[in-house]
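Data block below; observations after.
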Amino acid sequence: MFRRKISPIFLCLIITSLLWVPSLKGQRVNNAENAALAKIENHIVTDIHSEIGNIKSYDNNVDSIVHLLRKDGSFDLINYADKSVSIWEPSNHLKNILAFATAYSFPKSKYYRSQPVYSEICQSLRYWNRLDPICPNWWFNEINCPQILGQIMLLMNAEKPLPKELQDSLINKMKRGDMYKQKGANKIDIAMHNLYQALLVKDTTLLSAAVGQCFEPIAFTTKEGIQYDYSYFQHGPQLQISSYGLTLLVDEYKIAAYLRNTRWKISAEKEQILNTFFKDVYLKTLRGKYSDFNVLGRRISRINFVDARPAIDAHALSNVLLNAQLVDPKDSLFYQNTFDKVYGNKSPSYQVKPQNIGFWIGGYMLHIRPGYLFSVRCNSVRTYKTESGNGENLLARTMSDGATNIQRNGDEYYNIFPLWEYDKIPGVTCRDYPNDLPQIKQWGYFGSTSFVGEVSDGLYGASVYVQNFDSVKAQKGYFFFDKYVVCLGSGIQSNAPENITTTVNQSWLRSRIFTSKGLLPGKDNILSFLPDKNNWLWQDSIGYYFPKGGNLEIKQTFEKGNWNNINNSFSKEDTVSGNVFKAWFNHGSKIKNGRYAYIVAPAIGLKEMKQSTMKVISIVDNNESVQAVYNNNIKILQAIFYKAGEINYKKISLSVDKPCILLLKKSTNGSFLLSIADPTHLLKSINIQLNNKKIKCILPAGNFAGKTLQYNIGIL
Ligand code: CA
């Protein structure tokens, strides 16, 4: 006979629906509220169970923990007097009990509703309750232990609650940490165990307060958190989209999924912000399953962290996708496709649409095409350089000085970082030291220049970085089109004794290196390219053209290193090795008015490279006053005016009365669309003259200063 199994949660609902349940604080929770609380508890229990994986190995693990349990309720192998601040042994006591409670409450476990395990759980919890160990590191006392205690009690509640006096006493031990005083992830973590506590005592006032604090970080801010351009800052004004930003996504989607379909659910306004940050920002920074290193902060110095799947922990991103699907079911196909893209065997171009995003606050331009992802990361007087901290990312000195990330397959830089020469970060102009220098200041610090910004029309864009660091000045422009990204440097100046170099790329060597002068023969090669010849270099389906010539040095060498070199958390035994490709301009030492020009074709076959003459791109100007590039195919002019000035090109005369960055696009009907931005964020207006048309651009202010403004100019 078929019998429908009634879940314990539903039994609980049936029983409690007959009653008004008084809470500890004496409030009365009505039937509907009670059902909602039970629903949230059920979501949490299901979520904890979803982490079990293979139940046989989980039960085997519980077996081994059972054998460690002593008669008094303590465990072997745990030093209860431990005072360590990082790996504090007593917290393993609660982790062991959590494993018991998880198995006890999971129908497929052999310990499901096991009476002996129930007694062991009570006994070991009583031991903890008596001992009440305190760690010198507040995080264990105020976050880790209260969270695990809450999870244990919620799991037990789903089957057979703990004896009341034990539960009440343990709930008192959860009342540690102030969710109102903490910020960011710590706030969410403390609010989370307040939420557990509220469910256990059926206190809807505490629940509402905890939920309010959990969702508080989902809002635009000028401090740490989500910025008005949807970039993400943590540790000061420091770009952290795929580091701390991902942590936020993990936490918030989890909580939103717990609270879904109840009156405590995430508000429509906050859901919109969260979904936009996830879909339109975080996920855009992935090429296939690999993150853009420009937005990973100091996490690039951790093994495997460029792979978005194990970043944080093994399930972080898949959990975000699953929870996002629960919160936002109308877009479930999108989340499924994203899951396939990151976890399945899809090509990196799968479902990729062309896009250009300028983060005018974050100092980051992200350029996406089906064939590649190309980004630039800059610092300024408004934003911090990429941090070193806690002994991580030790060599990050120039990591955000106009660094370029060029991904085609996605894994071009995956785990290469211990082998990098850190004064040859892709895109960066700096002094070439014999040995890499450590970054002395920790946790990020402001850049030194203000003319740093982007213009973007959503599909195309340009980015500028004026540099003045370590006695090296440079004006660096980046111009983004469909097939090509143009990189220009002017005003390069330094009195330093070292050679000044601009690195074109430093990535894994994945193919032989072909050039316009033939196949490269040796490990170290120097090519002196003459101007205005068809000079080029090709490696791993990425092509580089050098229309203005220059002294190019190219290395292809087998390198060995270890992660300890860039991160003290790892040992010298954590080794990495492989063939590295490196190409850079050597501008020489003690230079004045140095320049460079190179054009990257990030997804191009060798045959096409050999045939291409680069007539599509014209470099209109590259000097101290203006850098400008014209694309003859799509009729787009992009320009950086470092001073008031004028450009005359293709029957267009364009003048500006103040420094700015702009993009002028001719549409098929002959009318012109102007996109313009103020990299300094300080100007109120700019006067422009386009042939005979005069335009006064009133620039955005406040949180939108630096954002691109668009004007339809009409036919010239
Ligand atoms: Ca060097």
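For the single chain, residues carry numbers from 1 onward in sequence order. Just so you know, ligand 1 is whichever comes first in the structure, and atom 1 is the first atom listed for that ligand.
The set of protein atoms (N, O or S) found at less than 3.0 Å from the Ca ion (ligand 1) reads Glu421 OE2, Asp423 OD1, Asp423 OD2, Asp432 OD1, Tyr433 O, by chain and number.
Screening residues 608-632 for ring-ring contact (aromatic ring centres under 6.0 Å, His included), with sequence neighbours left out, gives Tyr630-Tyr649.
The residues Lys289 and Asp307 are annotated as not salt-bridged, no charged nitrogen and carboxylate oxygen being separated by less than 4.0 angstrom. A salt bridge is absent between Lys707 and Asp229: the closest approach of a Lys/Arg side-chain nitrogen to an acidic carboxylate oxygen does not fall below 4.0 angstrom. Ionic pairing of Arg397 and Asp423 is not present here: no N-O contact between side-chain nitrogen and carboxylate oxygen is shorter than 4.0 angstrom. The pair Lys483-Glu608 meets the salt-bridge criterion, since a charged nitrogen lies less than 4.0 angstrom from a carboxylate oxygen.
Close placement of the Phe451 and Tyr642 rings is indicated, their centers lying within 6.0 Å of each other.
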